[in-house]
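Every chain is numbered from 1 and lettered A, B, ... according to where its sequence line falls, protein lines coming before strand lines.
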Protein chains: 2
Amino acid sequence: MASIKDVATKAEVSTATVSHVINGTRYVADKTKEKVYAAMKDLDYSPNMVARSLRSRKSNTIGLLVPLLAEDTSNFFFMSIANGIEQVLKENGYNLVLSNSNENAAMEKDQIKVFNRQHIEGLVIAPVNGKEHKYEDQFNGEYPVVFIDRRPQGYEGDTILVNNCQGTKDAVNVLINKGHDKIGFITGTLGITTSDERLEGYKESLIQHHIAFNKSYIKEGPATFQEGYQLAEELYNEGVTALFVANNVMTMGAVSYLQTNGVKVPDQMAIIGYDDYDWMKISSPPLSVVRQPAFEMGKAAVEQLLKRIHGDTEGANEVMLDSELVIRGSC
Amino acid sequence: MASIKDVATKAEVSTATVSHVINGTRYVADKTKEKVYAAMKDLDYSPNMVARSLRSRKSNTIGLLVPLLAEDTSNFFFMSIANGIEQVLKENGYNLVLSNSNENAAMEKDQIKVFNRQHIEGLVIAPVNGKEHKYEDQFNGEYPVVFIDRRPQGYEGDTILVNNCQGTKDAVNVLINKGHDKIGFITGTLGITTSDERLEGYKESLIQHHIAFNKSYIKEGPATFQEGYQLAEELYNEGVTALFVANNVMTMGAVSYLQTNGVKVPDQMAIIGYDDYDWMKISSPPLSVVRQPAFEMGKAAVEQLLKRIHGDTEGANEVMLDSELVIRGSC
DNA sequence: CTGAAAGCGCTAACAC
DNA sequence: GTGTTAGCGCTTTCAG
C-alpha cells in the first residue's frame with residue numbers, strides 16, 4: 001500500500017501539501033493539486049484511516065451495542081434498528097462497529113471497555129434490562145452516547161424511545177371500543193421499563209373507559225412461546241374475551257394456543273400482539289399489532305449522535321417516537 | 001486518557017516493559033509486573049487500540065458486507081448470519097465492522113474501498129447478485145476474504161454456501177412421495193446462483209422419480225409478495241397440486257393467495273416454502289420449509305477467516321452446509 | 001503558496 | 001531482566 005510519503009515523492013511536493021489536498025485544509029495551487037491527484041491515481045493511493053485516526057483523534061466510527069439473545073425473535077427488532085443506523089451513518093461517511101451484550105450486564109460492561117479503547121466517536125446502546133447500570137463509571141467521556149429503546153436506570157443521557165404506553169393504550173382502546181371489557185394482558189417479566197410502560201398503557205385505557213382493573217387478568221412470565229401459550233390458556237379459562245400480548249414471542253405462543261384449541265378469532269377471542277412482521281399477514285387470522293418504528297429509531301439515534309459530535313451540547317435529550325397500531329383481522 | 005508512557009513513568013519502568021507486560025511478549029520479573037499492574041490500575045489505563053493497530057498492523061477487526069434491501073424479509077437471513085459472526089468473533093477477541101451494499105454492485109465496490117483503508121484483518125462478504133464482479137481489482141490483498149451464501153462469479157475464493165440444490169431436492173422429493181406429480185415451482189428472478197441451484201434441485205428430483213419436466217410449471221418473477229400471490233394463482237389455475245416456493249417473500253405471497261381464495265392446504269394444494277422463522281408455526285397452516293443454517297454459516301465463515309489470518313494458506317476452500325427440511329402441516 | 005518536522009501511542013529490534 | 005529508540009502514516013503547527 002502506497003503511503004502519503006510515496007505520493008509526495010512522486011508528485012514532488014511535501015507530505016503536508018498532499019495532506020492538504022486530500023483534506024482541503026488549506027489553499028493549494030491548481031497545478032500542484034493536479035500533480036498530487038495524478039500521483040495518487042498512479043499509486044492507487046488511499047489514506048490509511050488508522051494513522052489518520054491516531055493523529056487526529058477522529059475515527060469516523062461509531063459503535064452499536066445491542067442486547068441480543070440467541071434465537072430470540074425480538075432480535076429482528078434490534079437488527080432493524082441496526083439497519084437504520086448503518087444507513088444514516090453511511091450517508092454521513094461513518095462506519096459502524098457492531099457488538100452484542102447478550103442481555104447481560106457484565107458483558108455489556110466488557111463491551112463498553114472495548115469501545116473505550118477504540119477511538120469511536122459515538123455509541124448507540126440499547127441497555128440491558130436490569131436495575132442499575134452505573135454507566136458513569138463505564139463510559140470514558142470521550143464520546144457521546146445515545147440510548148435507545150430502553151431508558152437507562154439511574155443515568156441521564158440522550159435517549160430515543162418508542163412510546164410503549166401510548167402504543168398499548170391505543171390498542172386496548174380499540175379492544176374496548178369493540179365492546180370488550182374483559183381484556184387479558186400477557187407480558188414478559190415486569191420490572192423492565194418497556195414491559196412496565198406497556199402495562200401502564202393498559203391501565204390508562206381501562207381507567208379512561210371506567211372499566212375496573214382486574215388483577216387476575218394480568219399474566220406475567222418469562223417471554224417464551226410456551227409461556228405465552230400457557231398464559232393464553234389461563235386467561236381463556238377465566239373468561240376474558242380479548243387478549244393483549246405485550247411482546248412478539250408470547251404473541252406467537254398465545255396465537256398458537258387459540259389455533260390449537262379451535263378458539264375462533266376474533267369472535268370468541270380478539271387479540272392484538274406486539275411488533276409487526278410481514279408474516280403476520282399470513283398468520284391465521286392476520287394479526288393486529290402494535291408496530292414499533294425500529295428503522296426510524298436507528299435513524300433518530302444517529303441524528304442525535306451526529307449533533308453531539310458536531311458540538312451541539314445542551315443537556316440530556318429525550319425523543320419519544322410513536323408506536324403505530326396496525327389493524328388486521330384479529331380484533 | 002492515560003498512555004503507556006504515563007504508566008511507565010508511574011511504575012518507574014520503560015514503556016517497553018509495560019508493553020511486554022501487557023502483551024506477555026517477553027519475560028518480566030514478577031515484582032516489576034506488579035508495579036506495572038498497580039500503575040495501570042491507578043491510572044485506569046487501557047491500551048489505545050488505534051495506536052497499536054497502526055504500529056503492529058493488526059486491528060482485531062473484521063468486516064462484514066451484506067446486501068440488504070430496505071424492508072426485505074430476507075434481511076433476517078443475513079442478520080442471523082451477522083449474529084453468528086459477531087458471536088464467534090467476540091469469542092476470539094475480534095470486532096465486527098458492519099456494512100451494507102444494498103444489493104448494488106457500485107455500492108459494494110465503494111464499501112470494499114472503505115474497508116481497504118481500514119486495516120481490517122479479514123472480510124466476510126455476501127456478494128451482490130449479478131454477473132461479473134472483478135473482485136481481483138477491488139481487494140487490496142492485505143486481508144483474507146470469505147464469501148458467503150452466494151458463489152462469486154469469476155473469482156476464486158473461500159466460500160461458505162448452503163446446499164440449495166439438496167435443500168430443494170429434499171423438499172420436492174417429499175412432495176412426490178406424497179403422490180404429487182404436478183408440482184409448481186415459484187422463484188425469484190433466475191440467473192442468480194441461489195435461484196438457479198434451487199431450480200436445479202427441483203429438476204433433479206423430477207428426473208429421479210421419472211416425472212416429466214413441464215416448463216409451464218416454472219414461474220419466475222421479481223421476488224415480491226404480490227408476484228408470489230400472482231404466480232400461485234397462475235399455477236393453481238393450471239392445475240398443479242403442490243407448490244414449491246424458492247424464497248421467503250414469495251412464499252408469503254403464495255400462502256396469502258391460497259388463504260384468500262379458500263384453497264385447502266394441504267388437501268387441494270400442498271406447499272413448501274423457503275427459510276424458517278418462528279412465525280411459520282402460527283401461519284395457517286403451519287408451513288413446511290427448507291431451513292437454511294444462517295447462524296452456522298456465519299460461524300463457518302469466521303472459522304475459515306481465522307484459519308487464514310493465522311496463516312493457513314492453501315487454495316480456495318469451499319464449504320457447503322446442508323439445508324434442513326422442516327415439515328409442518330402444509331404438505 | 002509550500003515545506004520541515006514534531007508527535008499521536010504503541011511495538012519491537014537492538015543493546016546491555 | 002530491562003531500557004533506548006526508531007518508526008507505523010498521518011495531521012498540523014510554525015516558518016518562510
Point to revise | Residue closer to the 5' end of DNA chain D, B:Leu54 versus B:Glu12 (nearest nucleotide) | key: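 Closer to the 5' end of DNA chain D: B:Glu12.
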Point to revise | Nucleotide range of DNA chain C lying under 4.0 Å from chain A heavy atoms | key: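 Contact span on the strand: C:dC1 to C:dG9.
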Review point. Mind checking what makes salt bridge (charged side-chain N to carboxylate O under 4.0 Å, His left out) contact with A:Asp158, not counting sequence neighbours?
Key: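 With sequence neighbours excluded, A:Asp158 shows a salt bridge (charged side-chain N to carboxylate O under 4.0 Å, His left out) to A:Arg308, given in chain and number order.
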Check your understanding: Across the strands shown, which category fits B:Val13 at heavy-atom distances under 4.0 angstrom: base, sugar-phosphate, nothing?
Key ->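 Sugar-phosphate, backbone atoms only, no base.
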Review point. Touch check for B:Val50, heavy atoms < 4.0 angstrom, all strands: base, sugar-phosphate only, or nothing?
Key: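 The answer is nothing, as B:Val50 stays clear of every strand by at least 4.0 Å.
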Review point. Can you name the residues that form a side chain to side chain contact (heavy atoms under 4.5 Å, CB included) with B:Asp44, not counting sequence neighbours?
Key: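 B:Asp44: no side chain to side chain contact (heavy atoms under 4.5 Å, CB included) contacts found.
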So, using side chain to side chain donor-acceptor pair (under 3.5 Å) as the criterion, who are the partners of [X] when residues are at least two apart?
| X | result |
| --- | --- |
| B:Arg26 | B:His20 |
| B:Asn95 | A:Gln118 |
| B:Thr17 | B:Ser14 |

Check your understanding: Can you list every pair that meets side chain to side chain donor-acceptor pair (under 3.5 Å) and has a residue in residues 53-67 of chain B, with sequence neighbours left out?
Key ->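 Matches after skipping sequence neighbours: none remain.
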Review point. In B/S/- notation, 5' to 3', how is nucleotides 11-16 of chain D contacted by protein heavy atoms closer than 4.0 Å?
Key: BB-B--
Practice item. Classify the ring geometry between A:Phe139 and A:Tyr155 as parallel (under 30°), tilted (30 to 60°) or perpendicular (over 60°). Key: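 Rings of A:Phe139 and A:Tyr155: perpendicular, over 60°.
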Check your understanding: Once you round it to whole Å, what is the distance between P of D:dC10 and CZ of B:Arg57?
Key ->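 B:Arg57 atom CZ is separated from D:dC10 atom P by 10 Å.
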Review point. Can you list every salt bridge (charged side-chain N to carboxylate O under 4.0 Å, His left out) pair that touches residues 97-108 of chain A, not counting sequence neighbours?
Key: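 Only A:Glu103-A:Arg150 qualify under salt bridge (charged side-chain N to carboxylate O under 4.0 Å, His left out).
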Review point. Please, which pairs that meet salt bridge (charged side-chain N to carboxylate O under 4.0 Å, His left out) have at least one residue in residues 77-99 of chain A, sequence neighbours excluded?
Key: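 Non-adjacent pairs meeting salt bridge (charged side-chain N to carboxylate O under 4.0 Å, His left out): A:Glu86-A:Lys90.
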**Study point:** Bending between helix ends of the helix from C:dC1-D:dG16 to C:dC16-D:dG1 [5 pairs per end, 10° resolution]
**Key:**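 Taking five pairs per end, the axes differ by 40°.
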Pair up each side-chain donor or acceptor in residues 29-42 of chain A with any protein partner under 3.5 Å, not counting sequence neighbours, and list the distances.
none

